[in-house]
Number of protein chains: 4
Amino acid sequence: YGKNTIKFLRLHREGKKHFVKEVEVCTHLRLTSAQEYLDGDNSLVIPTDTMKNIVLVLAKKNGIPTLEQFAIDICKHFMTSFCQVAYVKTYVQEVPWQRLHENGVPHIHGFICVPDGIRFCEAEQCRNGPLVVFAGIKDLKLMKTTQSGFTGFYKDEHTTLPERHDRILCGELFCKWSYGECRDFDFDSIWNKIRECILEAFSGPPDCGEYSPSYQKTVNCIQMLILSKVSQVQVIEVILNNTFYNVVDMKNLGLTNDKEVLVPVEAPYGSCACTLARKKFLEA
Amino acid sequence: YGKNTIKFLRLHREGKKHFVKEVEVCTHLRLTSAQEYLDGDNSLVIPTDTMKNIVLVLAKKNGIPTLEQFAIDICKHFMTSFCQVAYVKTYVQEVPWQRLHENGVPHIHGFICVPDGIRFCEAEQCRNGPLVVFAGIKDLKLMKTTQSGFTGFYKDEHTTLPERHDRILCGELFCKWSYGECRDFDFDSIWNKIRECILEAFSGPPDCGEYSPSYQKTVNCIQMLILSKVSQVQVIEVILNNTFYNVVDMKNLGLTNDKEVLVPVEAPYGSCACTLARKKFLEA
Amino acid sequence: YGKNTIKFLRLHREGKKHFVKEVEVCTHLRLTSAQEYLDGDNSLVIPTDTMKNIVLVLAKKNGIPTLEQFAIDICKHFMTSFCQVAYVKTYVQEVPWQRLHENGVPHIHGFICVPDGIRFCEAEQCRNGPLVVFAGIKDLKLMKTTQSGFTGFYKDEHTTLPERHDRILCGELFCKWSYGECRDFDFDSIWNKIRECILEAFSGPPDCGEYSPSYQKTVNCIQMLILSKVSQVQVIEVILNNTFYNVVDMKNLGLTNDKEVLVPVEAPYGSCACTLARKKFLEA
Amino acid sequence: YGKNTIKFLRLHREGKKHFVKEVEVCTHLRLTSAQEYLDGDNSLVIPTDTMKNIVLVLAKKNGIPTLEQFAIDICKHFMTSFCQVAYVKTYVQEVPWQRLHENGVPHIHGFICVPDGIRFCEAEQCRNGPLVVFAGIKDLKLMKTTQSGFTGFYKDEHTTLPERHDRILCGELFCKWSYGECRDFDFDSIWNKIRECILEAFSGPPDCGEYSPSYQKTVNCIQMLILSKVSQVQVIEVILNNTFYNVVDMKNLGLTNDKEVLVPVEAPYGSCACTLARKKFLEA
């Protein structure tokens, strides 16, 4: 049980310059007891209202240096303060406020919301177990208008899809990676580096792109690039929900449509998910 | 990988009387191969477009006798038709069309959408493993305006929640149960019986209700009633996302508000989840 | 300016039996002044927070006998209490709680949310003008699986739609009617009667239905029936957003699909709106 | 009647460099006839399916030089091709794809979706009337963390809001302006200039900001700046839906919260709307 979508803004001031972190926190616990379910005995139940208070108090006391550190702080508090807690999990998601700029000059207290990929993280711990940290990005919508195809696939009597050598590849990405046991990482710069890896692996070199033979292969490229460039990542899960763009048949309208006008097909949509781990991580 | 939100309507006619089932299907596969991820070799990949075609063809050929039977049909088709499939999972959700009535007379082809709890089911199978069937109800919003309290809970320096002996209990229910290995059940009548159990356990006898000391206990009551009344259910998971109703303090406005005007607090919201299984199921 | 989505629940008790009305209120004002915009002089500005308080206080004092009466109460309060108010408009929408029943017995305090058409109303008044009341229903999804066609329409070089003599007619209805100047009507029973008219005009007699040659004609039938049966309605606006159901072509899959499997097309969707008034109302 | 959410992507290629415009179009007509409503005579009805085809064909033939020009093209087509059209209105909204950059180098065919304010436009025309063009931005979320207050407002017995000299001002902006009769403007650069005006008027100088005494005054500042800097704008409507941030009271938790931890209040929310026109426009 737990409390979801605890939303708040943490405002930090350095002189006249303001810094904001607005987040949404979900904190869930599993207790060692069962009496609250079986007997309605609440004596060990930490109210979700108290959980909310704890999250707000920690934000007040420690600030939010990084999302990950904040999630770690919350988990540690529950594990050390309550002996009836068997397991704690905390999810933190950021509202994507960016500082405004006027003619290149950063504004001291003006912000704009730019939701081009939402940053989140998760920390979890079982009693007597390690504190494990995850981070990720979601709702990241990317498109490449060429250098994508899908051919040579399995065919049977239910196959009507034609082979395509040049199609639009468009999708919404969800990436979540594990840092393994909690250590003192520079979570902000790692997150930014991974975001760059995703964009690079998805789109290829800026002057020519890189051919994608399938969603599966693109997912794998993203994972391989991250694992090769970011040593702190142990496991990486990628889900790519794709929107197919249908070339409109204009023959009946007397026109030849050379992939100029395309209609997005939002339902049904394909989905491709893969989790990849380092060998040494699996061996451990 | 797979195809999500394959939406379609299956129309069945008996003379002039029409029957509709509109559903949303998600079908996911795991293949035995990895070459599509590593090498971009698609030769074993069943396109998600083909998956969609198969779902539609099965609906045409077999109809949708029950959601569960349809999910079973889909899983069986993939397992038997494609030897490269290692695992298949199918989710089916129903659009809640109900027949219209005029002065008690059922209409032969008129329907209205009544979303008071959405029926869904899931079937999954690993190669060489059993076909397992789940069913459930979601988005079921219930409220009782008394016979609910929350007292005697754990308190520390972060506790500000007062004890409450009479509060509104309101929440959105998600229930999912397992039938264990696939057998020839009357899925429709079982589903209706379980829905009745949920309403009964949540609200208690119509003339007096039944006191709920916590969300946890109410969740447990629902589970216990279902397990006692519906022998086909092996495991049952319940998630209750509650909306807290705050009694508006009207002292500053010169009024005494005796729980007459309450404001719903939608964020943050508490959540309580529990999974309960039969002993013999766990022993098996 | 104003306050939107003021959500609250009004609980009314008669002995042990409870009655709930949960509503969402939006109240907007126009002031006679402009100084708050031009000079930042707030001396005549009624804070939206005060507006919220007023709505809650009126709910506490008067209850919500009907949505319409409550909207009237709010408008009257603003018009009589604040001479700087030039115009007031109040919108009230109901959360569709229905009393639970167990084996036909109504529950004294248990409720279920059944969103099969949302009831709303609006009241507005200009200073020195009449208080005008509107009511309506929205998000009402209806379907008839036959007795609908679309033929004989205008054709040109951009027409690719075939004539159809038997199609599914499915749409989401929005109806809003005016009672003209505020009088002492039985708003609840009128609303229920109009809802019945809509269902009847949409679907036709239960044993055979009634042929619809177009969305336009169906919209008109709904309006004509309401105007003929409900004398209190002066003007009626209907918007019908339709979902087209596409018969899946299964020729390539070796099957003949006799309108058995259809796919809903949610975007783009057609929309048909019409406002109809009584002659004497227009003459007045 | 009309067709809503006609979604498509127009791909334009210059050598290897690709340009995308993905849009959502709504086109509505009013016919001179009433026979389709009264008699079910469809002979003058242009099917919404044909409307969709026309939109796609115009996109294919003319491309989308600007949203506004495309909306104008659509209106002109309907007015000149169909004498039964009494009125046409077209709304065009853009999916905010932005070109990807790698280390500052623009990608030739890679794009990312960045929804930080959605661009839209509208064109409408009555038969024998002028073609009028509107443009706008919506879903633009801005925040300033100081230089905002609300004092000196009207008080009565329902007022509980304290005066605030330093609060967070946060809101979602909707701006729509009229260009008056259609002329040959550089719609893209005007739109960008207006967006800059909004950000500047909302947040003030980057090194110090500018004090806002109310939402009303901020709305007015935005309008005044646009009217003074952009001569092509005749009328401008601004709606500011604000999210109030509540400073969490931590006294009971033994802490002093100096506006460091704030909770957003999403419902109810205040709304402030104002339409401002040039004098000479009103006189005309």
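Convention: sequence-line order gives letters A, B, ...; per-chain numbering from 1. What's counted below: heavy atoms across the whole structure, side chains too, no hydrogens, waters or symmetry copies.
Taking every heavy atom of both residues into account, D258(D) and R13(A) meet most closely at O-NH1, 3.2 Å.
Among residues 142-150 of chain A, the residues having any heavy atom closer than 4.5 Å to a heavy atom of chain D are, in sequence order, L142(A), M143(A), K144(A), T145(A), T146(A), Q147(A). Using a 4.5 Å heavy-atom cut-off against chain D, the contacting residues of residues 114-121 of chain A are V114(A), P115(A), D116(A). Listed in order of number, the residues of residues 94-113 of chain A that approach chain D to under 4.5 Å between heavy atoms are W97(A), L100(A), E102(A), V105(A), P106(A), H107(A), I108(A), H109(A), G110(A), F111(A), I112(A), C113(A). Residues of residues 50-63 of chain D that come closer than 4.5 Å to chain A, counting heavy atoms only, are N53(D), L56(D), V57(D), A59(D), K60(D), K61(D), ordered by residue number.
Residue contact with chain D, scored on non-hydrogen atoms closer than 4.5 Å, involves the side chain of L255(A) exclusively. Contacts between V20(D) and chain A at a heavy-atom distance below 4.5 Å involve the side chain alone, from C-beta outward. Of the atoms belonging to L140(D), it is side-chain heavy atoms, and not backbone ones, that fall under 4.5 Å from chain A.
Among E22(A), E196(A), E172(A), the residue with the largest count of heavy-atom pairs under 4.5 Å with chain D is E22(A). Note on M250(A), K16(A), H12(A): by heavy-atom pairs under 4.5 Å with chain D, the leading option is M250(A). Among D207(D), I168(D), L169(D), N257(D), the residue making the largest number of heavy-atom pairs under 4.5 Å with chain A is D207(D). Interface remark: of the candidates N246(D), L11(D), L253(D), L11(D) forms the most heavy-atom pairs closer than 4.5 Å to chain A.
No more than 12 heavy-atom neighbours from other residues, nucleotides or ligands sit within 6.0 angstrom of NZ on K141(D).
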TODO: Take R10(D) and E260(A) through the side chain to side chain contact (heavy atoms under 4.5 Å, CB included) test and state the conclusion after the steps.
DONE: CA-CA 6 Å; R10(D) 181 62 168 88; E260(A) 292 155 298; 3.4 Å; yes
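Between F8(D) and V248(A), every side-chain heavy-atom pair lies at or beyond the 4.5 Å cut-off.
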